[in-house]
Amino acid sequence: MERRDFIKKSVGTGLLTGSALIFSNMGEVMAETAPRSKRLAYDLVAVKGGEPEIMFDMAIAALGGMKNFVKKGQTVVVKPNIGWDAPPERGSNTNPKLVGRIVKRCYEAGAKEVYVFDNSCDEWTKSYRNSGIEEAVKAAGGKMVTGKSESMYKEVSIPRGKNLKSARVHELIVNCDVFINVPVLKHHGGSTVTAGMKNMMGVVWDRRFWHKNDLHQCIADFATYRRPNLTVLDAYRVIKKNGPKGVSVGDVSLMKSLLVSPDIVAIDAAGAKMFGVEPHEVKYIPLAHEAGVGNSNTDSLRIKRIKI
């Protein structure tokens, strides 16, 4: 059985100061040490000042369009943060406008199916509904899938993991053609900042092991298992304190920013700077860099900066 058929059958049912570091120079960095791509003009695109869906369109255009990442007939999984029963204004979850636009662009690029899920922390049906993500995904033609069915998680090996040697991963991630990671930038009590790699905890069944066995190392270990084809970091509303859920809209800074890259480590490093901390201060970022997952040296990246 082909993996796309398997999926279908199985589912069935940053503060201002930090932001200035990323956006102050409108030119792109072209260091000779930057990783080169045959297809992409830039390693990372940073957009500021627009609505989430407009910023995404501008960013993906700078990377050559969605067809550079999604081919006709492919099955796509879009993984936002839908962990919390909270409205968009709280910044707890990925912005629904952004998620809906990504799903729409995947179908326009020729995707056969686009699935969206998260292993929510709060009650999943309320999180899906009250985040606004379920409505946005369905309006774009996508399919919402539960992350709370244990039977949908498959044991996988993580050969390059130091602390995390295996994990039970949602079958959508195991079997999809294209994986698009769509985290939201925010404060986190356990990891300082949550962004791309931390968002991957929502694709596994048992997160308790991570917290008990060096959270930062486990985040970096899992990043060696399957790197997303694309990571889109939502920094439209950023929780500055009391994360990851936040207590009220008073915890939120309206940054109206977005980062897009196929390099999840570069995304997290740039996101940390936007938040106001250096990448090395978020332990899992240098650990992932050292493991060869991606590049945390933002000075060596070819960055396209767009201000709206």
Inset, instruction - Could you list all the ring-ring contact (aromatic ring centres under 6.0 Å, His included) pairs where at least one residue sits in residues 116-151, not counting sequence neighbours? - result: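 Listed by first then second residue: F117-H170, W124-Y128.
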Inset, instruction - Would you list the pairs meeting ring-ring contact (aromatic ring centres under 6.0 Å, His included) in which at least one residue belongs to residues 281-308, sequence neighbours left out? - result: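 Qualifying pairs, neighbours excluded: H216-Y284.
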Legend entry - Residues in ring-ring contact (aromatic ring centres under 6.0 Å, His included) contact with W84, at least two apart in sequence or another chain: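 For W84, no residue satisfies ring-ring contact (aromatic ring centres under 6.0 Å, His included) once neighbours in sequence are set aside.
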Inset, instruction - Could you note down all residue pairs passing salt bridge (charged side-chain N to carboxylate O under 4.0 Å, His left out) where residues 128-140 supplies at least one of them, sequence neighbours left out? - result: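 For residues 128-140, and leaving out neighbouring residues, the salt bridge (charged side-chain N to carboxylate O under 4.0 Å, His left out) pairs sorted by first residue read E134-K138.
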Inset, instruction - Return the set of residues passing side chain to side chain contact (heavy atoms under 4.5 Å, CB included) with H280 (not counting sequence neighbours), or none when no residue passes. - result: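 H280: side chain to side chain contact (heavy atoms under 4.5 Å, CB included) contacts with E278.
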Inspect the contact between [Y] and [X] and indicate whether a charged nitrogen and a carboxylate oxygen are less than 4.0 angstrom apart.
X: K198; Y: D268; answer: no
X: K283; Y: D214; answer: yes
X: D206; Y: R168; answer: no

Inset, instruction - Establish, from distance only, whether the side-chain atoms of N95 and D234 form a donor-acceptor pair under 3.5 Å. - result: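 No donor-acceptor contact under 3.5 Å links the two side chains.
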Legend entry - Distance-only polar pair, side chains of N163 and N213, donor-acceptor under 3.5 Å: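 No - no donor-acceptor pair under 3.5 Å links their side chains.
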Legend entry - From CA spacing to verdict: salt bridge (Lys or Arg N to Asp or Glu O under 4.0 Å), K71, D177: CA-CA 9 Å; K71 305 303 181 186; D177 297 310; over 6 Å; no
Inset, instruction - Can you sort out the partners of S151 under side chain to side chain donor-acceptor pair (under 3.5 Å), two or more places apart, ordered by chain and number? - result: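 Per chain and number, S151 pairs via side chain to side chain donor-acceptor pair (under 3.5 Å) with S149.
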Legend entry - Side-chain donor or acceptor of S127 paired with backbone N/O of D85 under 3.5 Å: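 Pair found, side chain donor or acceptor close to backbone of D85.
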Legend entry - K126 atom NZ, over 12 foreign heavy atoms within 6.0 Å: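 Atom NZ in K126 is not crowded, with 12 or fewer foreign heavy atoms closer than 6.0 Å.
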